[in-house]
Peer 1: 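The structure that follows is given in the form of structure tokens.
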Amino acid sequence: MRTSSNEGFTILLFLSSLFSVSLVSEAADTVTTVQFITENETIVSAGGGFELGFFSPGSSKNRYLGIWYKKITTRTVVWLANRETPITDASGVLKVVDPGILVLFNGSGNIVWSSNTSRSVHNPVAQLLESGNFVLRNANDDNPENFLWQSFDYPGDTLLPGMKVGKNFLVGLDRHLSSWKSDDDPAQGDYTFGMNTHGYPQLITDNVTTVIYRTGPWNGLSFSGTQNLKHNTIYEFNFVFNREEVYYGYELLDRSVVSRVVLRQNGILNRWTWVDRTQGWILYNTSPADTCDNYGSCGAYGSCDIGNSPMCGCLDKFVPRYPKDWDMGDWSNGCMRRTPLACHKGEGFLKYSRVKLPDTQKSWFNETMTLEECGKMCSENCSCMAYANLDIRGRGTGCLLWFGDLIDIREFRTGGQDIYVRMATSELVLLAIISGHNNTDESQKEDLQLPLLELTTIEKATDNFSINNKLGQGGFGPVYKGMLEDGQEIAVKRLSRTSRQGIDEFKNEVICIAKLQHRNLVKLLGCCTQGEERMLIYEFMPNKSLDSFIFDESRQTFLDWPKRYKIINGIARGLLYLHQDSRLRIIHRDLKASNILLDIEMNPKISDFGMARIFGGNEIEGNTARVVGTYGYMSPEYAVDGFFSVKSDVFSFGVLMLEIVSGKRNRGFFHPDHYLNLLGHAWTLHKEDRSIELIDPTSKESCCPPEVLRSIHVGLLCVQQYPEDRPSMSSVVLMLGSEGSLPWPKQPGFFTERNLFEADTSSSKNAPSSTSTNDLTITVLEPR
């Protein structure tokens, strides 16, 4: 009967094994053509560190040829030969056969596994080295470069010191880790960890179709996204990339240390260190280390910061692509530029620091370019979205360019790397204006749509900042009335040169409202940044601020009920625009009567955005150690704990509504029958069905009782103690404009003067450092 060549080879190998002898003790670490390993025999490396033989994992009865630590009592396997083809009984035999092949037989004489040796030698021998590497070589040649085969080239789930994870381009070898299916089954599981060479190389963990974790590219010191890989006295990390190969590995500086890296069945990489028999294996670190390490957690142009809550936000100058999904915690669709790119108009790059560089699968690199040359190349290609140095050592060298969306970015408090992201010209001009740089061309200024006025123009308009033109003074600095040559009246906020607070407000105000347009927001007409001057130029509001009417006995009569109701609705629409309808989500943080300006027709305009916060991504709340605002208007969670959100503005709006209705200040409110403030007084009247008594007597005759009662009711809903109970501004606008039933309000926050006083002067650990009645105040709370 004829047999195939493979069958003939199998029979030949099996017959040859019958004439071999068993393993002899003087060859404790080797297998030769005349010495083989059976089920009851093992070989041990020369230093006694590793052992090779047959074993059964977990509760399985299948037999595998593997390598494990010899001196560690709990068997810890680091490599297997036949992980995909187990032997079902105790009949395995391992042999070395001419011309230099390792072969594993089962009891039937079938080949279960063999080395894929491509070269032949006259005297082959297999040896278990003290490194844990099982090698096949010429008996007379122990040069590692001449090995016929080695187990280090075919890892399982474990990376040992001296092993490589990466690719050899010359022979097409891909060394990667692969997880076990289970503790009982070492066959390849769902996850692999290896070198991805699409674009600039980076290590990734994936499950065939989906990337789970990514180290980021090597930057000369470490991978940009691996904060736990730092220089130390135990490990030395290596990254090699040339025309022949690319790989990562590590060596032990202290040879007494026993260490391994394992890809677990759930895709987590664990680095273990053996201590002693009492303590066993100690977990040194893991990858992913936290939720921000999960690949693409925040989508394209999203940035993950594990110290924030929520952890995902958009990069500066970016906004959520789908805000509603983002608000619900679905960040998968990521962010987009708030100002779209327009390459034909010219664009630049904005520097982001301390970040994990984005996925490099769609990248290009050059190892010799300078950073300046790199930026120039990227700027000349409209498809290039970002660039960075390849090597950050010294002054930095090499060039890495990204094409397509930037994915899998995270922010670090320290470390990380710089990246330069393509940005619309207007965004960069805005930054230049804030910094006082006027070296922008006319097309850039036009694109920004924010005129830059000359100092001489402002001086002429204000009669050289005459005291007679001074409208007031704030933390920012003085405010002057002026008139331009075309007859337009303006209000000029001039930054005081000694005001650190003013510098911050100036920057914040320009960023917040440079491109916002709404009939109930004061309009920023331009700015001046000449020399040391920093000035904001606004449209002039002839009727000044709301507080000058509602809290002034002589002027209250000018505000009948229709005007008050119009002002309430206008403020509500302006605030809704800031929270929801504008391109940005802005929390004002200092909404009060003095920051509501009135035009010639008594239309309200929200002003003073110096303390505002722009929220990107899914951000709807935040916290701060620097509490800013005005007591009497601040919500409890903000004044006491530093937590702010859109609901903080809703609280301030509720206070403002009740002040407009009553003509009384919340802070400092006095009633002979109780010690409640305005909120407490309004709540008491509402519970007793006497809300109509709250109305300012000067507008009582002109009032529409249903509108008054509804305004008070909505105001009380806005000032409830807990932010989750308060309505959104979209609900407020809807409630004010309808006649449907309203929910019953719960107790207001800070509804007595005593509560408010206690919030101002609570324990020294959390108490604000300064207080104020109705003036703007900046306070500092120590972080909890």
Side-chain angles (χ1 to χ4, degrees), residues 433-434 436 438 445 449-510 512-514 516-517 519-552 554-556 558-559 567 590 592-612 630 772 774-777:
I433 289 173
I434 292 171
N438 288 320
K445 295 176 183 179
Q449 298 175 353
L450 183 65
L452 303 179
L453 281 71
E454 296 291 333
L455 176 59
T456 54
T457 301
I458 305 303
E459 288 175 335
K460 185 175 182 180
T462 60
D463 193 15
N464 202 24
F465 304 106
S466 168
I467 189 66
N468 296 326
N469 285 343
K470 188 174 181 179
L471 297 173
Q473 178 83 27
F476 182 99
V479 182
Y480 297 91
K481 179 183 178 181
M483 181 177 291
L484 299 177
E485 290 184 348
D486 61 3
Q488 181 175 11
E489 291 184 310
I490 58 173
V492 179
K493 291 178 67 173
R494 188 184 191 189
L495 172 63
S496 171
R497 296 181 183 179
T498 60
S499 172
R500 175 62 249 181
Q501 173 187 339
I503 283 282
D504 293 337
E505 289 185 36
F506 178 83
K507 293 178 179 179
N508 211 55
E509 196 139 355
V510 173
C512 282
I513 65 171
L516 296 182
Q517 296 290 335
R519 61 178 301 179
N520 295 115
L521 301 183
V522 65
K523 186 176 182 181
L524 180 63
L525 301 177
C527 62
C528 176
T529 59
Q530 192 169 338
E532 295 183 0
E533 291 286 356
R534 299 290 184 275
M535 290 182 282
L536 298 173
I537 295 87
Y538 287 95
E539 58 179 334
F540 177 68
M541 296 287 107
N543 284 315
K544 299 184 179 180
S545 58
L546 177 62
D547 65 327
S548 66
F549 280 90
I550 59 174
F551 303 139
D552 188 312
S554 64
R555 305 185 76 194
Q556 285 177 335
F558 290 100
L559 283 184
I567 290 170
D590 197 25
K592 58 184 178 180
S594 60
N595 283 340
I596 305 299
L597 303 182
L598 301 172
D599 67 11
I600 192 66
E601 297 177 348
M602 301 299 285
N603 293 307
K605 309 267 188 175
I606 300 174
S607 70
D608 201 338
F609 289 80
M611 300 301 174
T630 304
S772 156
N774 267 317
D775 295 328
L776 179 68
T777 188

Peer 1: Give me the atom names and distance for the closest heavy-atom approach of V479 to K493.
Peer 2: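 Shortest heavy-atom contact: CG2-CG, 3.9 Å.
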Peer 1: What closest approach, in Å, do N603 and R519 show between heavy atoms, and which atom pair accounts for it?
Peer 2: OD1-NH2, 4.2 Å
Peer 1: Kindly give the heavy-atom pair with the smallest separation between A593 and F551, and that separation in Å.
Peer 2: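 Minimum heavy-atom separation between A593 and F551: CB-CE1, 3.9 Å.
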Peer 1: Show the numbers, then the answer: is there a side-chain contact (heavy atoms from CB on, under 4.5 Å) between D547 and K592?
Peer 2: CA-CA 8 Å; D547 65 327; K592 58 184 178 180; over 6 Å; no
Peer 1: Heavy atoms, side chains only, cut-off 4.5 Å: are Q488 and L525 in contact?
Peer 2: yes
Peer 1: Kindly indicate whether the side chain of M535, heavy atoms from C-beta on, has any atom under 4.5 Å from the side chain of L455.
Peer 2: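 M535 reaches L455 side chain to side chain.
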Peer 1: For F558 versus S554, what's the shortest heavy-atom pair and its separation?
Peer 2: CE1-O, 4.0 Å
Peer 1: Can you tell me if S545 uses its side chain to pair, donor with acceptor, with the backbone of N595 under 3.5 Å?
Peer 2: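 No, the answer is negative, given that no donor and acceptor are paired below the 3.5 Å cut-off.
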Peer 1: With a 3.5 Å distance limit and no angle check, can you tell me whether N469 reaches the backbone of T462 through a side-chain donor-acceptor pair?
Peer 2: yes
Peer 1: Run the side-chain contact (heavy atoms from CB on, under 4.5 Å) check on I537 and L484 step by step: do they pass?
Peer 2: CA-CA 11 Å; I537 295 87; L484 299 177; 5.7 Å; no
Peer 1: How long is the span from the CG atom in L546 to the CD1 atom in I567, to the nearest 0.5 Å?
Peer 2: 5.5 Å
Peer 1: Is there side-chain contact between N468 and D463, with at least one heavy-atom pair below 4.5 Å?
Peer 2: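 Contact flag for N468/D463 side chains = no.
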Peer 1: Can you name the closest pair of heavy atoms from E454 and C528 and give their distance?
Peer 2: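 Distance-wise, the nearest heavy atoms are C-SG, 4.2 Å.
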Peer 1: How many angstroms lie between CG in L559 and CD1 in I550, if you round to the nearest 0.5 Å?
Peer 2: 8.0 Å
Peer 1: Is any side-chain heavy atom of L471 closer than 4.5 Å to a side-chain heavy atom of F540?
Peer 2: yes
Peer 1: Quick check for you: to the nearest 0.5 Å, what is the distance between L536 atom CG and I490 atom CD1?
Peer 2: 11.5 Å
Peer 1: At their closest point, which heavy atom of N543 faces which heavy atom of M602, and how far apart are they?
Peer 2: ND2-SD, 3.3 Å
Peer 1: Counting heavy atoms not belonging to K470, are there more than 12 under 6.0 Å from its NZ?
Peer 2: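 It does: K470 NZ has more than 12 such atoms within range.
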Peer 1: Any donor and acceptor pair, going by atom type alone, linking the side chain of K523 with main-chain N or O of Y538 inside 3.5 Å?
Peer 2: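 No: the side chain of K523 does not pair with the backbone of Y538.
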Peer 1: For a side-chain contact (heavy atoms from CB on, under 4.5 Å) with P542, tell me which candidate from L598, I600, L597 qualifies.
Peer 2: I600
Peer 1: Could you check if a side-chain atom of V522 sits within less than 4.5 angstrom of a side-chain atom of E539, using non-hydrogen atoms only?
Peer 2: yes
